[in-house]
Amino acid sequence: MDEIYKPEVIEPRVQEVWDSTQAFAVSEDPAREKFYCLCMFPYPSGACHMGHVRNYTIGDVISRFQRAQGKNVLQPMGWDAFGLPAENAAIKNKVPPAKWTYKNIDVMRSQLQRLGFAYDWQREIATCRPEYYRWEQWLFTKLYEKGLVYKKNAVVNWDPVDQTVLANEQVDSDGRGWRSGALVERREIPQWFMRITAYAEELLASLSEMDGWPEAVRTMQTNWIGRSEGLELDFPIENGNESLRVFTTRPDTLMGATYMAVAAEHPLAVSAAENDPQLAAFLSECKNVKASEAELETMEKKGMHLGVNALHPISGEPVPILAANFVLMGYGTGAIMAVPGHDQRDWEFANKYQLPIVQVITDADGGTVDLSQGAFVSRGKLVNSGDYDGLDFDQAFDAISQFFEQKGTGQRKVNYRLRDWGVSRQRYWGAPIPMIYCEKCGDVPVPEGDLPVRLPEEVEFQGVTSPLKTMPEFYNCKCPICGGDARRETDTFDTFVESSWYFARFACRDSDEAMLDERASYWMPVDQYIGGIEHAILHLLYARFYQRLLRDEGLLDLDEPFANLLTQGMVLRDGSKMSKSKGNTVDPQTLIDRFGADTVRFFVMSDAPPDQSFEWSDEGVEGASRFLKKLWRLVADHVNNSSLSDDFGSLNTEQKELRRQIHLTIEKVTDDIGRRHTFNTAIASVRELINSVGRFEVRSAGDYAVVREAFSVVVQLMAPITPHICHQLWQELGFGDSIIDAPWPVADPSAMAQSEVELVIQVNGKLRAKIRVSADADKTAVEDIALKEENVVRHIEGKSVRKVIVVPGKLVNVVAN
Ligand code: ANZ
Ligand code: ZN
């Protein structure tokens, strides 16, 4: 055996073996337990980065480990191939996005192959292929028929110079277009939505049962769905028979409502502005603010009187109505009753516009609270509320809700912060939305037989506008109903649509009869899903939603797509995130070229548990490389320098100790990889074992046998992490051709038992000797040895032994007189 470790020779050779034997191609086998391990598939940006390497190594270790457990393991890989970067590259370099994307896929595929990941490459998916996206087009038309997708106007970023819609990422922090530098406007255009809110309740409810998911992710999704129970109620409008409906989660504060606030887009504000130019100007100022909901919280609160009053539904007092920039049209009813005494936002606003602030809730002592510095927001008992005085939150909630429900002017209501999912993108590089617009027949879904609506791949960009919008050969079509001239939708799907069902399609990627077939029922759910925490909300929520759409379409009878989720931490360098923009990246390819794939894999797994961030260090990689060289050298010495037979014989103390460490290591590594996913501590104990082997001198056949056992175990335990070197060492040690087919080692309890224990021997309570006995020696054996000890014999001479007390593992007391 070669004394020198040469990964550049071994790795391609081992990969060739896997390749030619289709080692990781799998099919359904109902007789075996299946294990579906999936990493979030990458966007083909051009090259793998360290984040990919870490993510995919974690998945590969788990997959290989599960395979060694005897399971039928599926680990597929594919490409989330649509998206904006391809389009930006096309605009800049004048290459069609398809060409750019396919080239990147080729590069990244070969990088992943070079890392030796155990993928079933026959299942590779690129989401930009019509064979793939035709099915999401098909499902969309089905959902349209069910009313689960619909069209409505929604606001987009409009670049007035480039005359195009921009994605949020294309608008800089000053609100200017990335290319033109023009101030971006907000425009309302018709867009397609998927009714995820219809599943809000279910998506929320099952989170509490998903104990295979990190608590943090479940909390984020819970907050994102944002369920609140409240009351919708009407405030009559003065002088007329109209009313203003509001949503409140605090009906108990009703008597403290001193003004009303409506969103800038609210019909009441819009009609009031018709003959009030100042108000009209204010409304358009509000509408042009591009802010997230979090930003809205901290933004300066602004408002303007509509010049219309509402009437308090209980007291009948007039209450002024204002338009306010902090009220969102898309939530509740777009209007609120403002209670400045008990809501901080309302308080700030009231202070600014000198609106009355009154207390209607008491603190725990039932006393008056100081409202001069801010609102009192806790729940408490009602005061200044007439008949409702003295009620607590729940009682008041019920009583006031009942009052309105009986009158027919209000209704208890559950609201969700979750919005329907807007899937229209005014971009080119995405799956075409399969809809046709006919003047006579309206919106018509593309009939099944005409699918897919293919995205033309040979295109040229003029400016940033989507080529689809300027290609009559694409958008001109015939109406499927009346046969007249019609126009095709030129928007494409949000790329989150593709990533919402790829996991199920991997099970049957070649099915051209249906979106999914029975093979999906065999493989799904994904047993272990692995990916970045940045996907905690959108991707994972859309995928959970889509799984329910697939279920309700009768395609796959399953609620949750991912049984277990592991969110891997970031890769850091010098304490900050590794990213292109920071210029602190490490190119995995250079490392692979220099050290080999196993070293890179070993290093990324050795530093930290996978869910924590991982700090890059150059010394760390070198350390990993040294370790593998050492392992190789030790095995080579063992293989080359010994002709002893490997017969354990009867073991001496040192041999037993080493065997004990071997089996304890099996037990620990099995638990670390299989259950805890702490690959770093698994590696640490293998390192310790190797160190012990390195120190162990081989002088006899027994020594040789134990060391050989140690190597066989080390190589197996390391195989999921560093599969190439282990494949080779396994062969060199003569254990077999292919370590991937060897079953995982099992810890032997008898070897783990402590071989000998030391016992203290007393005669009449006084220490007289110490002995070592085998740990499993029984009471009679221990007594026997104890009574033969020289010093014991001396002290019982001439006496008769009355009793021998044995405390196992500790002491023996001989009572004699
Ligand atoms: C009166 C009130 C009194 C409120 C009080 C709160 C505290 P969540 O929990 O998020 O559902 N609200 C309702 N619709 C709104 C909109 N479109 N834009 C901005 N704010 C809106 O919050 C519900 C509460 O947020 C509602 O309850 C309403 O203010 C406000 F002491 O009504 B509340
Ligand atoms: Zn028609």
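None of the values given here were measured: they were computed from a predicted structure. Here, residue 1 is the first one in the sequence, and each next residue gets the next number. We count ligands from 1, going down the list as the structure has it; atoms in each ligand are counted the same way.
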Inset, instruction - Check whether NZ of the Lys or CZ of the Arg R187 lies under 6.0 Å from the centre of the six-membered ring of W158 and within 45 degrees of that ring's axis. - result: yes
Contacts table for ligand 1: protein N or O within a distance under 3.5 Å of ligand N or O, distances only.
| unit_1 | atom_1 | unit_2 | atom_2 | d |
| --- | --- | --- | --- | --- |
| ligand 1 | 11 (O) | S228 | OG | 2.5 |
| ligand 1 | 11 (O) | Y331 | OH | 2.5 |
| ligand 1 | 17 (N) | L328 | O | 2.7 |
| ligand 1 | 17 (N) | Y331 | O | 2.9 |
| ligand 1 | 18 (N) | L328 | N | 3.0 |
| ligand 1 | 20 (N) | R345 | NH2 | 3.1 |
| ligand 1 | 27 (O) | T248 | OG1 | 3.4 |
| ligand 1 | 27 (O) | T249 | N | 3.0 |
| ligand 1 | 27 (O) | T249 | OG1 | 3.2 |
| ligand 1 | 32 (O) | T248 | OG1 | 2.7 |

Legend entry - Ring centre gap for Y259 and Y353 strictly below 6.0 Å: no
Inset, instruction - Over 60° means perpendicular and under 30° means parallel, so classify the ring planes of F562 and Y529, tilted if in between. - result: parallel
Inset, instruction - Validate the cation-pi geometry between R548 and Y199: distance from NZ or CZ to the six-membered ring centre under 6.0 Å, angle to the ring axis within 45°. - result: no
Inset, instruction - Kindly confirm or rule out a cation-pi arrangement of R379 over F393, judged by NZ or CZ under 6.0 Å from the six-membered ring centre and within 45° of its axis? - result: yes
Inset, instruction - Salt-bridge test for R412 and E405: reply yes if a basic N is under 4.0 Å from a carboxylate O, no otherwise. - result: yes
Inset, instruction - Tell me, please, whether F193 has K152 positioned over its six-membered ring: NZ or CZ under 6.0 Å from the ring centre and within 45 degrees of its axis? - result: yes
Legend entry - Ion pair check, R551 and E553, cut-off under 4.0 Å: no
Inset, instruction - Check the side chains of E489 and W192 for a donor-acceptor pair under 3.5 angstrom, ignoring hydrogens and angles. - result: yes
Legend entry - the Zn ion (ligand 2) neighbourhood, protein N/O/S only, threshold under 2.8 Å: C438 SG, C441 SG, C479 SG, C482 SG
